[in-house]
Amino acid sequence: MRDNHGRTTVQQLVLKVHSRCDLACDHCYVYEHADQSWRGRPTVIAEETLAQTAYRLAAYATDTGLSSVTVILHGGEPLLVGPARLRRMCAELTRVLNPVVALDLRIHTNGVQLRKEHLEIFREFGVKIGISLDGDRAANDRHRLDRRGRSSYDRVLRALELLRLPEYRHLFQGLLCTVDVANDPIAVHDALTALEPPRIDYLLPHSTWVAPPPGHGNGTPYADWLLKVFDRWEEQGRPMPVRTFDSVLSTLRGGPSLTEALGLAPSDLAVVETDGSFEQADSLKTAYDGAPATGYDVFRHGFAEFADHPGVRARQQGVDGLSETCRVCPVVESCGGGLYAHRYSDERGFDNPSVFCTDLRALIEGVAERITERALVPSVTGIEELRLAQTELSRLLVAHAHQHLAGRPDWDTAWEVLLGLDEGETSAAALDVVLSHPYVRASLLGTSDMQGRVPRLMATAVAAAVRAGVETTLSWDEPSTEVHLPTLGTVSLPQRGQVEFVVTEHDFRCRVLSGVSEPPLEWRPLMRVSPPDGPSLLVDDADPYRACFGASLTDPLSPSDLALFCKRLQAALDLLDERRPGLRDSDNVLFATTVTPLPEGSGLRIDAEVPDALGLALDFEPETFVGELPHLARASRLAALRQVADLSVPGTGAGRLFEEASACLGRAAAGKDRLSVDEELRRARHALESLTALSANELTENGRYLVQELNEEWRALHDLCHSFPASSAPASEHSD
């Protein structure tokens, strides 16, 4: 999410509540690396400092319109503050933040001190717990000893036994493991999976070009180690998410990164130290003394000023903020240059690839080779099969969400509703209608904050039940004053809070469980435009996940403006069918199922994450619609194919060539004159020749099928164009 100035908003706060630790891990970036600022900071954060931080964050959330924020209690070792003080901290953060923004409160601990007394506090305030553990006893005790040189292993396991009790299990967020290539990767992974964590996060040891990691320069030891774990994880059937692997899998398919350590996602994290100082990511402590410092603090500065700090913005530039080596690397979208701190050298600062560069590339290419499905799939040869594959993708995303959310009473009820809907032919069809909505899929793709998606998932279950006419009652804590039921419409609430939907066979009721009298709730249904031939188009001007077209959004339209927009859209569809008969039935294009109004002057837009949605300016002209839609619909089909089928081994660069060939052919088909058509055909030919030259190992059967299809289309356009005089524009009459 970005603020009004185009800056990425801060949505995660690492709050340092204690600056000392009861372990003496020799790989710790706080105490054992270049930055030693902890020595001059208060041991425990003062109550006034915590309160000021909470107020600053609440004001920032209000000003930027954030729907949720994550606050991670951190250290040192945060449990050293003691249970009484810890409860006051949780209460203060909840008191200040919850009235204005949904608070996702977490703690990262070594687990040594964790007792039932702590867990009762965490249960009271819904605090999710992440625990550091480096594997089996031998692996863990290689680095994670206490200050008397004793093992921490048994104490952490006792903490995990408590955390896995039924009354606390829902608080367990996952395990964090620092990789040491001297440890047996299979023994480490099996020890962690035996504890049944909801998630595992493998972390590379913090290192720089000044202080390289063990084994650096001798092959790819970290990639080799992680790929052995990946193979074991696959063999186990991926029993729980592993964030490093999930991020690589997501970005290889064109999705977002799921961790700061990989990918091109901009940083959305702030750190506040025990003295109230704002710092950048605390991993920067491994670079040089003072590297994370900003000179700002919560008493004199707000989060908006922090977000505008040059050091923060340097980590929000995407590929433009990377070294020249990284910018030309074929796996840059998955790697993203690695963790920012790991790029540091004395000579060039952070203008380097990661010190783990060769390992990261080997890991990504190794995963890409392992996951590539080479056989031809139906979604490549037929458009209806492609739509079915997209719906199946949504189903898989919901199932993936369930892995994160199982154990939450509200979600468990919704999950049972979804399973019940899937058992009947009619109700399953209703469920598919909702799951195939592009903005449902967009809300689930690549999110690392699955807890924050619970209200959306609950509303999705309600919408499916309403469409199926299946009686059910679902309730959840709604952080907004509006509940959007995908494909149906929006309920406006008098206030935020616990909301309940009662679905009957023919209707639904909604109320806020506040215990006070309420005005009647307002229901605003979505509109559809129904062309004479073909399925209707949903006009969705209200879905909270429709902001995916690189343009600002319109507010939901007034009845008169909505009627005018639908009338204009109907006229454009009629003109399209007149000028390009059969286009919407072609297997070369993916026609939109959903249209979202955009501000005047925005034109026509699509987005690769939601290829079956179309952004359309309020003032679009039907002639422009007819001229641009065929090209955009081709691009939509290609984007959808890349979501559900492997055209090539990810990371080979073939995706860019497919995009270029398809785009050039689309522009050639709509060309105004012979010269422009010839130029587009020339560029398409170059891209197709480059694709044809790829080795058999790089292109799959799906990719080769698509290359053949594009070559046939190129020949047809070329022959048609050159059968007319040079002054003619026959290509514009060519039907896809």
Side-chain angles (χ1 to χ4, degrees), residues 253-255 376-395 397 432-442 445 487 528-529 531 533-540 545-546 548-550 569 572-573 576-577 579-596 603-616 625-647 655 658-670 702-703 705-710 712-713 734-736:
R253 302 292 194 207
L376 188 65
V377 296
S379 55
V380 178
T381 60
I383 209 68
E384 287 308 313
E385 290 78 3
L386 177 56
R387 291 195 186 280
L388 288 173
Q390 284 190 293
T391 303
E392 182 60 25
L393 173 61
S394 294
R395 286 172 167 269
L397 291 169
D432 280 347
V433 169
V434 176
L435 293 182
S436 63
H437 184 46
Y439 300 140
V440 169
R441 193 164 56 253
L445 279 169
T487 75
R528 286 186 175 272
V529 172
D533 257 343
S536 63
L537 286 179
L538 181 70
V539 178
D540 195 336
Y545 290 92
R546 71 192 188 280
C548 52
F549 298 105
L569 179 57
L573 292 170
L576 180 71
D577 287 340
R579 299 275 183 85
R580 305 295 294 271
L583 173 72
R584 287 190 283 151
D585 297 324
S586 169
D587 282 339
N588 289 343
V589 303
L590 180 68
F591 201 76
T593 61
T594 303
V595 175
T596 287
L604 283 74
R605 302 188 182 208
I606 62 166
D607 183 88
E609 279 197 8
V610 285
D612 45 347
L614 175 69
L616 195 56
F625 182 91
V626 172
E628 294 187 16
L629 189 66
H631 160 55
L632 292 177
R634 295 172 61 90
S636 294
R637 181 214 177 192
L638 181 59
L641 281 175
R642 294 179 68 184
Q643 284 183 333
V644 300
D646 290 321
L647 305 179
F658 276 117
E659 289 174 2
E660 185 175 353
S662 181
C664 290
L665 289 175
R667 288 192 292 266
N702 301 305
Y705 180 94
L706 191 56
V707 169
Q708 180 180 347
E709 177 188 284
L710 293 170
E712 290 172 356
E713 187 173 0
H734 176 72
S735 173
D736 286 313

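Model, not experiment: these values are computed from the prediction.
With hydrogens and angles disregarded, no donor-acceptor distance shorter than 3.5 Å links the side chain of S379 to the backbone of L386. Judged by distance alone, with hydrogens and angles left aside, the side-chain atoms of D587 form a donor-acceptor pair with the main-chain N or O of I383 at under 3.5 Å. A donor-acceptor distance shorter than 3.5 angstrom exists from the side chain of R605 to the backbone of F549, with no hydrogens or angles considered. The backbone N or O of E609 sits less than 3.5 Å from a side-chain atom of Q643, completing a donor-acceptor pair. For the pair R634 (side chain) and S662 (backbone), a donor-acceptor distance under 3.5 Å is present. A side-chain donor-acceptor contact under 3.5 Å links N702 to the backbone of V377. Without hydrogens or angle criteria, T391 side chain to R387 main chain gives a donor-acceptor distance under 3.5 Å.
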Next item on the list: Could you walk me through whether T381 and E709 pass side-chain contact (heavy atoms from CB on, under 4.5 Å), step by step?
Entry: CA-CA 10 Å; T381 60; E709 177 188 284; over 6 Å; no

Next item on the list: Please test R441 against L393 for side-chain contact (heavy atoms from CB on, under 4.5 Å), starting from the C-alpha separation and ending with a verdict.
Entry: CA-CA 8 Å; R441 193 164 56 253; L393 173 61; 3.8 Å; yes

Next item on the list: Mind running side-chain contact (heavy atoms from CB on, under 4.5 Å) on D432 and R395 for me, showing each step along the way?
Entry: CA-CA 8 Å; D432 280 347; R395 286 172 167 269; 2.8 Å; yes

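When all heavy atoms of E385 and P378 are compared, the closest pair comes out as CB-O, 3.5 Å. Taking each heavy atom of P630 and L583 in turn, the nearest pair found is CG-CD2, 3.9 Å. Nearest heavy atom pair, residue Q390 against residue A640, reads NE2-CB, 3.7 Å. The two residues A613 and A592 come nearest to each other via the heavy atoms C-CB, 4.3 Å.
At least one side-chain heavy atom of L647 sits under 4.5 Å from a side-chain heavy atom of L638. Looking at heavy atoms from C-beta onward, R546 lies out of side-chain contact with V610 at the 4.5 angstrom threshold. The side-chain heavy atoms of L576 and R584, taken from C-beta on, include a pair separated by under 4.5 Å. In this structure, L614 and L629 have side chains that are in contact, with non-hydrogen atoms separated by less than 4.5 Å. Within the 4.5 Å cutoff, the side chain of T593 has no heavy atoms near those of the L538 side chain. Between E712 and Q708, some side-chain heavy-atom pair lies under the 4.5 Å cut-off.
Interatomic distance, Y439 OH to D540 CG, rounded to the nearest 0.5 Å: 6.0 Å. With rounding to the nearest 0.5 Å, the separation of CG in N588 from CG in L706 is 9.0 Å. Interatomic distance, F625 CZ to R579 CZ, rounded to the nearest 0.5 Å: 13.0 Å. Of the inter-residue distances, the one linking L537 atom CG with L573 atom CG reads 5.5 Å to the nearest 0.5 angstrom. Taking CG from L616 and CG from L604, the interatomic distance works out to 5.0 Å, rounded to the nearest 0.5 Å.
A salt bridge is absent between E659 and R637; no separation between the charged side-chain nitrogens and carboxylate oxygens falls under 4.0 Å.
In this structure A661 satisfies the side chain to side chain contact (heavy atoms under 4.5 Å, CB included) test together with A687, L688, L710, sequence neighbours excluded. With sequence neighbours excluded, no residue forms a ring-ring contact (aromatic ring centres under 6.0 Å, His included) with F658.
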